[in-house]
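I have placed the structure first, in the form of structure tokens, so that the comments after it can refer back to it.
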Amino acid sequence: FLEALSDSQPLYPYAEQRMKIGPARYRIADIAVYAGANPEEEAPSQPPAIAVEIVSRDDRHVDIVKRLAEYFGWGVPLVWLVDPWTRKLFHYTSAGLSEVRAFELPEYHARIAAEEIFS
């Protein structure tokens, strides 16, 4: 979905992108999507437009929420969570984690529903 969208939009998706979120703090997002310009740094120090985490079998809920909060606090505007075990999608905001039926990018007229992701 994101790669196809990047063919026609200034979006740059990366799998397992290492990012510098603090002076000595790094995070590796399952998927990071940069908008506008492709990051030039090996470990970008600017937040991406989207950070996506995908739940792994050994992930603990408390650790996942901590990672999502870190991305949001760093300035990532869209923080998404994909749970393949429950086949659900979530969006993280200042209000916390909320289940959504689809991930939406209205500025790009793009939307992908959970059914499409998990089919």
Side-chain angles (χ1 to χ4, degrees):
F1 165 73
L2 294 168
E3 283 199 18
L5 190 57
S6 72
D7 289 341
S8 63
Q9 302 292 333
L11 295 173
Y12 304 92
Y14 292 92
E16 297 185 5
Q17 175 66 50
R18 184 172 185 243
M19 301 173 294
K20 187 174 184 178
I21 66 170
R25 182 97 172 121
Y26 291 85
R27 256 296 159 220
I28 298 175
D30 289 323
I31 302 171
V33 182
Y34 289 85
N38 203 352
E40 294 181 15
E41 300 169 287
E42 186 176 322
S45 57
Q46 295 299 311
I50 306 167
V52 182
E53 284 292 313
I54 301 169
V55 178
S56 298
R57 192 172 296 273
D58 60 343
D59 278 335
R60 291 181 16 189
H61 181 76
V62 67
D63 295 332
I64 292 169
V65 173
K66 181 180 174 183
R67 282 195 307 266
L68 300 176
E70 240 180 339
Y71 292 135
F72 188 79
W74 183 40
V76 179
L78 293 174
V79 180
W80 294 344
L81 177 67
V82 177
D83 187 340
W85 312 108
T86 62
R87 302 173 65 91
K88 293 182 179 181
L89 307 178
F90 300 88
H91 183 214
Y92 186 89
T93 66
S94 59
L97 202 55
S98 302
E99 185 178 349
V100 295
R101 293 186 176 273
F103 290 145
E104 299 188 31
L105 296 168
E107 62 274 21
Y108 299 105
H109 307 288
R111 176 182 194 279
I112 186 163
E115 297 82 29
E116 293 174 79
I117 292 173
F118 298 118
S119 64

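Numbers here simply count residues along the sequence, with the first being 1. None of the values given here were measured: they were computed from a predicted structure.
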*Report whether Val100 and Ile112 are members of the same hydrophobic cluster (ILVMFWY, side-chain heavy atoms less than 4.5 Å apart, transitive linking).*
yes
*Does Thr93 reach the main-chain N or O of Ala95 with its side chain, forming a donor-acceptor pair under 3.5 Å?*
yes
*Hey, quick one: are Trp80 and Leu11 part of the same hydrophobic cluster, counting side-chain heavy atoms closer than 4.5 Å, chains of contacts allowed?*
yes
*Does any non-hydrogen side-chain atom of Phe1 lie less than 4.5 Å from one of Glu116?*
no
*asked:* What I'd like to find out is whether the side chain of Val65 reaches to under 4.5 Å of the side chain of Phe90, using heavy atoms alone.
replied: no
*Would you say His61 and Leu97 make side-chain contact, with heavy atoms under 4.5 Å?*
yes
*Measure the spacing between CD of Glu3 and CG of Leu5 and express it to the nearest 0.5 Å.*
11.0 Å
*Can you find a heavy atom in the side chain of Ser6 that is under 4.5 Å from one in the side chain of Tyr12?*
no
_Side-chain touch Pro48/Met19, heavy atoms, less than 4.5 angstrom_ = yes
*Looking at NE2 of His109 and CD of Glu104, how far apart are the two atoms once the value is rounded to the nearest 0.5 Å?*
12.5 Å
*Between Phe103 and Ile117, is any pair of side-chain heavy atoms under 4.5 Å apart?*
yes
*Is it possible for you to say whether Leu81 and Trp85 belong to one hydrophobic cluster, with membership spreading through side-chain heavy-atom contacts below 4.5 Å?*
yes
_Using 0.5 Å steps for rounding, measure from the CD atom of Glu70 to the CZ atom of Arg25._
4.0 Å
_Residues forming a ring-ring contact (aromatic ring centres under 6.0 Å, His included) with Tyr14, sequence neighbours excluded_ = none
*Please name the pair of heavy atoms, one in Phe118 and one in Lys88, separated by the smallest distance, quoted to 0.1 Å.*
CE1-N, 3.6 Å
*Indicate if Leu105 and Tyr92 have the same hydrophobic cluster label, given that clusters are the connected sets of ILVMFWY residues with side-chain heavy-atom separations under 4.5 angstrom.*
no
*Over all heavy atoms of both residues, which pair between Ala32 and Gln17 is shortest? Give the atoms and the distance, please.*
CB-CB, 3.8 Å
*List the atom of Ile31, the atom of Leu2, and the distance in Å for their closest heavy-atom pair.*
CG2-CD1, 3.9 Å
*Do the side chains of His91 and Leu78 get nearer than 4.5 Å, heavy atoms only?*
yes
*Mind listing the closest non-hydrogen atom pair of Ala102 and Leu89 along with its distance?*
CA-CD1, 4.0 Å
*How long is the gap from CD on Glu99 to CG on Asp83, to the nearest 0.5 Å?*
9.5 Å
*Shortest non-hydrogen separation from Glu53 to Ala29 and the atoms involved*: OE2-CA, 3.5 Å
*Would you say the side chain of Gln46 lies within less than 4.5 Å of the side chain of Pro39, judging by non-hydrogen atoms?*
no
_Passing option when Val55 is tested against Thr86, Ile64, Val82 for side-chain contact (heavy atoms from CB on, under 4.5 Å)_ = Ile64
*Contact summary for Gln9 and Tyr108, nearest pair of heavy atoms*: OE1-CD2, 3.1 Å
*Same hydrophobic cluster for Tyr71 and Tyr34, using side-chain heavy-atom links shorter than 4.5 Å among ILVMFWY?*
yes
